[in-house]
Amino acid sequence: MSELSSTPFIRTIQQIVHHRFFTGTIITLIMINAIVVGLETYPALYSQYKELFFAIDYVLLWIFTIEILMRLLAARPTSSFFKNSWNWFDLIIVASSHIFIGAHFITVLRILRVLRVLRAISVIPSLRRLVDALLLTIPSLGNIMILMGIVFYIFAVMGTMLFASIAPEYFGNLQLSLLTLFQVVTLESWASGVMRPIFAEAWWSWIYFVLFILVGTFIIFNLFIGVIVNNVEKANEEEKAAETNSELTALRQEVAELKTMLQALTKEKKE
């Protein structure tokens, strides 16, 4: 929570913005926006109620605009609003809708309406923490990606050398082998679609596929999961620390206000 303003109007806005029902209302409106956009994909329904869809979208757009303005006014200091990347995300999506609302780019308008559903991520704290954690994993995943690339390359070269004559549609060259291994690592029809035809010609081919799945799927994917889980915990700890700091700041401000009031009362009594 940001610092409480001394202006009654701003303080009222802050109380509204920080109320739990405010977030719940915005999430509900985002879900309504998602349902409306989904209904627009039915041509018969859209052509019949086109004006109604436009009116609903127009009202929702202005509600989201007012919401962002309220959050901007409630932020103390005001510059702290622009330091949050999620606020920029919301601002860009809503501002883009205003820019294109009077244009004839119907496809662009519909895409922007769909993108508004993404605002659920910025509004719901648990989703926001999850995305923040995923973004934190990007630098950490560099070494894992290099390791995964090496493993894929080695097995792709080996597969091309071993199975090019048996299954040229899967292992005919290096790029085909890489594409096949990508299918195998996802465990999508790898046994019936890829391994079984090759196994019928070369009984020992199961060793190659089992080794690749053990290394590629179970080991490397578990490394990915481990890094993501670690960063989720780290993001949760950082958010808790930030909440604690903001609460301490608010308490200090309230104590300072009480101290000022007591000093004023003491001064009045002496006079």
Side-chain angles (χ1 to χ4, degrees), residues 1-38 52-101 109 112-133 235-262 264:
M1 185 182 290
S2 59
E3 297 176 5
L4 292 174
S5 173
S6 57
T7 308
F9 176 69
I10 301 298
R11 188 186 286 268
T12 303
I13 291 176
Q14 287 178 323
Q15 290 172 349
I16 295 171
V17 169
H18 296 139
H19 199 279
R20 57 176 180 169
F21 289 115
F22 182 82
T23 302
T25 303
I26 297 301
I27 292 171
T28 303
L29 291 172
I30 290 171
M31 293 301 105
I32 292 172
N33 181 84
I35 293 169
V36 170
V37 172
L52 177 61
F53 281 124
F54 180 80
I56 293 172
D57 177 71
Y58 193 75
V59 171
L60 287 172
L61 175 60
W62 275 105
I63 290 174
F64 292 142
T65 304
I66 293 168
E67 175 234 341
I68 290 176
L69 287 173
M70 289 177 68
R71 283 165 46 197
L72 176 62
L73 291 172
R76 282 293 177 272
T78 307
S79 58
S80 64
F81 178 86
F82 298 101
K83 292 178 181 178
N84 190 321
S85 57
W86 287 111
N87 290 338
W88 277 105
F89 178 78
D90 293 341
L91 190 62
I92 289 169
I93 288 178
V94 174
S96 300
S97 298
H98 279 289
I99 292 169
F100 290 100
I101 197 168
L109 279 173
L112 289 172
R113 290 173 189 172
V114 175
L115 289 178
R116 276 186 229 157
V117 181
L118 284 173
R119 291 203 56 228
I121 298 172
S122 64
V123 174
I124 302 173
S126 57
L127 289 179
R128 192 169 59 239
R129 284 196 297 269
L130 182 60
V131 174
D132 286 338
N236 288 335
E237 290 174 0
E238 288 178 353
E239 183 153 339
K240 287 179 182 177
E243 288 177 358
T244 303
N245 289 333
S246 62
E247 288 174 1
L248 285 172
T249 302
L251 285 171
R252 286 171 183 168
Q253 185 179 4
E254 290 176 3
V255 169
E257 289 176 358
L258 288 171
K259 187 177 179 181
T260 304
M261 290 172 62
L262 287 171

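This is a predicted model, so every value here is computed, not measured.
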Asker: Please report the shortest heavy-atom distance between Gly24 and Thr28, naming the atom on each side.
Answerer: O-OG1, 2.8 Å
Asker: Got a second to check how far Trp86's CH2 is from Phe81's CZ, nearest 0.5 Å?
Answerer: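 Answer for the CH2-CZ pair, Trp86 versus Phe81, is 14.0 Å.
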Asker: Can you tell me how far apart CD1 (Ile63) and CD1 (Ile68) are? Round to the nearest 0.5 Å.
Answerer: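 It comes to 12.5 Å.
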Asker: Decide yes or no for Val36 and Asp57: does some side-chain heavy atom of the first lie under 4.5 Å from some side-chain heavy atom of the second?
Answerer: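 A side-chain contact under 4.5 Å is absent here.
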Asker: Measuring from atom NE2 of His18 to atom OG1 of Thr23, what distance do you get when rounded to the nearest 0.5 angstrom?
Answerer: 9.0 Å
Asker: What I'd like to find out is whether the side chain of Phe21 reaches to under 4.5 Å of the side chain of Ile16, using heavy atoms alone.
Answerer: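 No, side chains not in contact.
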Asker: For Trp88 and Phe82, work out which heavy atoms get closest and say how close.
Answerer: NE1-O, 2.6 Å
Asker: Mind checking whether Phe54 and Tyr58 have parallel, tilted or perpendicular rings, split at 30° and 60°?
Answerer: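 Plane angle under 30°, so parallel.
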Asker: Does the side chain to side chain contact (heavy atoms under 4.5 Å, CB included) test come out yes or no for Asp90 and Phe64, once each step is laid out?
Answerer: CA-CA 9 Å; Asp90 293 341; Phe64 292 142; over 6 Å; no
Asker: Report the distance from atom CD1 of Ile13 to atom CG of Leu72, rounding to the nearest 0.5 Å.
Answerer: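 The CD1 atom of Ile13 sits 10.0 Å away from the CG atom of Leu72.
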Asker: Please find the pair of heavy atoms, one from Arg71 and one from Val17, that lie closest to each other, and give the distance.
Answerer: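 Of all heavy-atom pairs spanning Arg71 and Val17, the closest is CG-CG1, 3.9 Å.
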Asker: For the CD1 atom of Ile66 and the CG atom of Leu61, what is their distance to the nearest 0.5 Å?
Answerer: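 Ile66 atom CD1 to Leu61 atom CG measures 10.0 Å (nearest 0.5 Å).
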Asker: Any chance you could measure Gln14, atom CD, to Met70, atom CE, to the nearest 0.5 Å?
Answerer: 11.0 Å
